[in-house]
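Worksheet: the structure to be examined is printed underneath.
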Amino acid sequence: MYQTTAALRTAFLEYFHKNGHQVVDSSSLVPVNDPTLLFTNAGMNQFKDVFLGEDKRNYTRATSSQRCVRAGGKHNDLDNVGYTARHHTFFEMLGNFSFGDYFKREAITYAWNFLTQELKIPKERLCVTIYETDNEAYDIWTKEIGVSEDNLIRIGDNKGAPYASDNFWQMGDTGPCGPCSEIFYDHGEHIWGGRPGTPEEDGDRFIEIWNIVFMQYNRQSNGDMLALPKPSVDTGMGIERIAAIMQGVHSNYEIDIFQALIKKTAEILAVTDLENKSLRVISDHIRSCAFLIADGVMPSNEGRGYVLRRIIRRAVRHGNKLGATDSFFYKLVPTLILVMGDAAKGLVETQDIVVKSLKAEEEQFARTLERGLGILDGALNALTGKVLDGETAFKLYDTYGFPVDLTADVCREREITVDEAGFELAMSEQRKRAQAAGQFATDYNDSLKIDEETEFSGYLDLVSNAKITAIYKEGESVTEINAGEEAVVVLDTTPFYGESGGQSGDSGTLSAAGFDFIVKDTQKYGQAIGHIGTLKTGSLSLGQSLEASVDKALRQRTELNHSVTHLLHAALRQLLGTHVSQKGSLVDPERLRFDFSHFEGVKPEELQAVEDLVNTQIRCNHELTAQVMTIDAAKDKGAMALFGEKYADEVRVVTMGDFSIELCGGTHVGRTGDIGLFKITSEAGIAAGIRRIEAVTGAAAMAYVAGQKSELDKAAKLLKADAGSVVTKLKAQLDRTKQLEKELSQLKDKLAAATSADLAGEAQEINGVKVLIKKLDGVEPGALRGLLDELKQKLGSGIVVLGIAGDAKVNLIVGVTKDLTSKVKAGELVANIAAQVGGKGGGRPDMAQAGGSKPENLDAALNQVASWLQERLA
């Protein structure tokens with residue numbers, strides 16, 4: 001029964017569904033609008049706003065199987081993965097949640113019944129912990145569930161501070177928190193370890209499988225614990241841990257998912273030892289890497305992309321240890337999709353982009369891995385102690401792309417540690433940039449909290465009557481403001497669109513007899529819409545009625561840009577491939593910016609085809625329709641959900657003919673023909689695998705085309721041509737320039753030859769060796785190489801040193817005939833001279849070049865060359 005992980009996942013969700021819980025899909029691994037998290041790392045993340053009271057759902061009970069990653073920021077298990085039985089970068093958290101509905105009694109009962117009745121786990125194998133002062137939970141466990149006092153353990157504060165306990169959970173330094181109750185499974189006496197609260201609790205015998213969090217309080221920044229008006233429940237059970245129990249194994253790496261991935265990896269790499277820890281590392285890392293890419297993260301040198309790159313490279317390095325000689329990591333994706341079952345729906349849809357991205361990153365890293373490992377191996381072999389210096393660790397990172405944890409991983413195998421303090425010092429600004437995304441912190445009670453709700457009427461009207469329901473000045477609620485003061489004004493209803501989904505907030509006026517409030521921006525605050533601006537005249541107070549009027553011209557220009565992003569998205573997917581997905585957008589009255597996933601730059605002919613297709617759809621003059629329907633109905637209709645958006649159970653579906661269907665809460669034109677004209681102004685890469693198109697529409701597009709035509713006319717005038725023959729005339733001019741440059745080069749070569757004949761006669765002898773040391777005037781730096789070769793040939797055997805002093809710049813070149821390179825190295829000599837003129841350089845033993853920034857020192861530098869050579873030619 002429930003022998004596969006997929007079956008367990010289904011059983012859990014079905015159990016809670018039949019007990020009145022809404023089954024909610026896993027959210028993205030990239031937290032939406034949450035600056036506190038690097039990655040989604042717990043099942044409750046997607047419900048955080050619900051627990052905070054900033055979001056409302058049409059259900060009060062939910063259950064989910066949430067994909068989680070812990071490999072960066074505060075929660076980072078990367079170093080332990082592969083070396084322990086239960087650490088993973090990626091895991092699934094099964095959870096059930098109550099939003100002010102049931103509390104401790106029901107949560108405890110659901111958990112216990114699922115484990116003992118549905119899964120039929122023997123009760124005697126389970127023990128329970130509670131927070132030491134939580135007598136309510138104690139009574140429920142002992143008197144109602146029947147857990148003996150011997151199997152119920154009170155866990156108190158363990159860090160010397162109130163509520164600092166494994167059994168007291170908190171969302172952050174501030175915000176919702178409360179006591180916990182954890183359920184542990186006893187794997188048996190044959191495994192070392194003790195029960196929670198004992199000195200042996202860190203052993204592997206008793207393993208936590210379920211954590212029930214009772215959210216009762218809201219912690220303030222001053223430490224005060226305020227009772228929540230609606231106590232809630234958040235639970236979590238790691239699917240890998242419960243699968244191990246149900247499949248009769250102790251290590252998570254022995255369950256079906258990991259065994260399938262381990263065996264596939266071993267097959268690809270021809271490995272026979274299935275217990276090798278490198279196989280564990282790879283089997284774990286393919287899960288986090290594949291799902292991160294599927295959720296829009298691409299390997300890069302910053303933020304989330306940097307963490308992804310670290311994980312990929314760690315996996316590749318372990319493959320290298322197992323003898324991999326070719327790319328292999330990406331080949332695990334089909335097996336991963338197979339073993340993950342229903343949880344892999346997102347992977348199936350993005351399989352092509354996941355595979356291509358993994359393969360490209362692996363190939364890039366492979367080009368430097370062998371050399372980097374060789375340098376590290378050499379450094380470790382030469383090490384006298386047990387600590388690798390930070391400078392070497394930094395060099396590996398900076399030059400060869402080795403994350404420091406990868407270096408530490410290699411060192412650990414030799415029982416060597418890395419000087420992390422030295423590494424961090426050497427990392428300097430690069431390290432700050434690379435880890436910037438890990439610096440996440442916020443005060444959950446610091447942002448503007450507005451309990452009011454605003455009805456949005458701006459889909460149909462740009463002017464409406466409304467009443468003031470709240471006023472905020474400098475973050476504080478006030479009842480009145482006067483002329484000249486800035487504030488956020490909240491209305492009961494408004495036609496103003498609050499910034500969201502990439503669409504900028506409206507501007508306009510709030511006015512009535514006695515005052516005019518100029519709205520410069522509009523933002524959403526939970527269920528409220530705030531009008532941000534300045535009171536121009538009069539005074540404004542709570543409860544007043546007014547007329548809210550949106551700036552019509554600015555709204556219309558914004559709508560042109562917003563509507564065309566839908567057409568652009570559809571055109572890109574049709575012409576470049578369905579792997580294209582929106583990764584962000586910005587639309588305002590002036591322009592539009594559209595970010596999308598694609599592995600290479602869009603070719604000019606592809607970009608033109610996209611522009612043509614969008615303009616074709618504009619000319620089709622499709623009617624835009626907007627329908628509100630359930631999320632499931634929208635998906636059945638084929639609507640695309642956009643990156644970075646939250647969607648409720650009922651969504652707004654915007655359709656443009658049969659060309660574009662998307663979920664969107666923004667405002668749009670009535671027909672595509674209203675857009676007029678679409679013109680792309682730029683296309684560029686902004687991150688690995690992410691491209692950006694910027695464009696204009698309507699009158700702005702016409703102005704852009706007119707500007708381009710004006711520039712073309714200017715070019716035609718300069719070329720003494722008409723617009724139709726500019727290319728032909730320009731090509732002729734370029735061909736002529738190329739011919740002249742060739743002739744000039746030939747003349748320079750002849751001049752160098754003539755000059756060399758004169759210069760060769762100026763050579764002196766130093767200990768029997770011909771040496772020419774010369775500062776040149778009127779010679780181009782590009783002619784130095786040819787002149788040097790001519791001089792070396794004329795001397796037959798000797799040393800040539802030439803220098804040119806220009807405006808704040810020095811050019812040096814040194815030549816040594818091959819018979820003398822055992823005594824004098826050109827690179828060594830040029831470096832000596834360059835150091836005196838503010839530069840550096842190098843090259844081969846027989847020829848080297850350098851530059852400098854102190855031309856005033858050239859004479860003195862050349863004057864000391866003879867004595868330098870005299871020592872080496874003695």
Side-chain angles (χ1 to χ4, degrees), residues 367-368 370-372 374-375 377-379 381-382 391-392 395 398-400 745 748-749 751-753 755-777 779-806 809-855 857-874:
R367 288 191 284 270
T368 60
E370 184 176 355
R371 187 177 180 190
I375 289 174
D377 191 56
N381 288 337
E391 287 290 339
T392 299
K395 179 182 177 182
D398 190 47
T399 307
Y400 303 102
S745 178
K748 286 180 178 180
D749 290 342
L751 178 62
T755 303
S756 68
D758 295 334
L759 289 176
E762 297 185 30
Q764 59 182 300
E765 281 199 11
I766 298 177
N767 295 336
V769 175
K770 294 177 183 177
V771 177
L772 175 64
I773 306 168
K774 187 70 175 178
K775 176 183 176 182
L776 302 175
D777 295 313
V779 177
E780 292 291 327
L784 280 178
R785 180 72 177 268
L787 183 57
L788 180 75
D789 291 341
E790 288 281 348
L791 287 167
K792 285 171 66 177
Q793 186 175 357
K794 289 187 179 300
L795 292 178
S797 173
I799 299 169
V800 180
V801 179
L802 304 176
I804 302 174
K809 188 175 182 181
V810 175
N811 291 95
L812 298 168
I813 191 165
V814 173
V816 180
T817 54
K818 292 189 181 298
D819 60 312
L820 296 172
T821 55
S822 60
K823 295 181 179 181
V824 176
K825 300 286 191 298
E828 185 180 357
L829 176 52
V830 84
N832 174 269
I833 304 170
Q836 299 174 61
V837 295
K840 58 183 179 179
R844 304 191 309 269
D846 62 326
M847 195 281 292
Q849 292 179 280
S853 59
K854 298 178 180 178
N857 294 349
L858 180 58
D859 289 328
L862 292 177
N863 288 339
Q864 60 85 40
V865 171
S867 60
W868 190 90
L869 287 172
Q870 207 156 21
E871 293 179 10
R872 283 151 181 81
L873 295 173

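Numbering of residues begins at 1 and proceeds along the displayed sequence. Only this structure's heavy atoms are used, side chains among them; waters, hydrogens and symmetry mates stay out.
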Would you tabulate the side-chain donor-acceptor contacts of residues 857-867 under 3.5 Å, counting partners in other chains and residues two or more places apart, or write 'none'?
residue	atom	partner	partner atom	Å
Asn857	ND2	Gln836	O	3.2
Asp859	OD1	Lys775	NZ	3.4
Asn863	ND2	Asp859	O	3.1
Gln864	NE2	Asn832	OD1	3.1
Gln864	NE2	Ala861	O	2.9
Ser867	OG	Gln864	O	2.9

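Nearest heavy-atom pair across Pro781 and Asn811 is CG-OD1, 3.7 Å. Between Met847 and Ala826, the shortest heavy-atom distance links the atoms N-CB, 3.6 Å. When all heavy atoms of Thr392 and Ala379 are compared, the pair lying nearest together is CG2-CB, 4.0 Å. In terms of heavy-atom proximity, Glu765 sits nearest to Gly768 at OE1-CA, 3.9 Å. Closest non-hydrogen pair, Val830 versus Ala850, comes out as CG2-CB, 3.6 Å. In terms of heavy atoms, Asp819 sits closest to Ser797 at OD2-OG, 2.6 Å.
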As a quick check of understanding, evaluate side-chain contact (heavy atoms from CB on, under 4.5 Å) for Ile813 and Arg785, giving each step before the final call. CA-CA 8 Å; Ile813 191 165; Arg785 180 72 177 268; 4.3 Å; yes
Test side-chain contact (heavy atoms from CB on, under 4.5 Å) on Leu829 and Leu869 and set out the steps. CA-CA 9 Å; Leu829 176 52; Leu869 287 172; 4.2 Å; yes
Evaluate Glu790 against Leu759 for side-chain contact (heavy atoms from CB on, under 4.5 Å), listing each step before the verdict. CA-CA 10 Å; Glu790 288 281 348; Leu759 289 176; over 6 Å; no
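In this structure, CG in Leu812 is found 9.0 Å from CG in Leu784, a value given to the nearest 0.5 Å. Atom NZ of Lys823 and atom OG1 of Thr821 lie 11.0 Å apart (nearest 0.5 Å). Here CG of Asp846 is found 4.0 Å from NZ of Lys818. Values are rounded to the nearest 0.5 Å. Atom CD of residue Gln793 and atom OG1 of residue Thr817 lie 12.5 Å apart, to the nearest 0.5 angstrom. Between the CD1 atom in Ile804 and the CG atom in Leu787 there is a gap of 8.5 Å [rounded to 0.5 Å]. In this structure, CG in Leu791 is found 10.0 Å from CD in Glu762, a value given to the nearest 0.5 Å.
In this structure, Val814 and Val824 have side chains that are not in contact, with every pair of non-hydrogen atoms separated by 4.5 Å or more. Side-chain atoms of Pro845 and Val816, non-hydrogen and from C-beta on, never get closer than 4.5 Å to each other. Inter-residue side-chain proximity for Gln870 and Asn767 is flagged as met; some heavy-atom pair is nearer than 4.5 Å.
Listed by chain and number, the residues in a side chain to side chain contact (heavy atoms under 4.5 Å, CB included) with Glu871 amount to none (sequence neighbours excluded).
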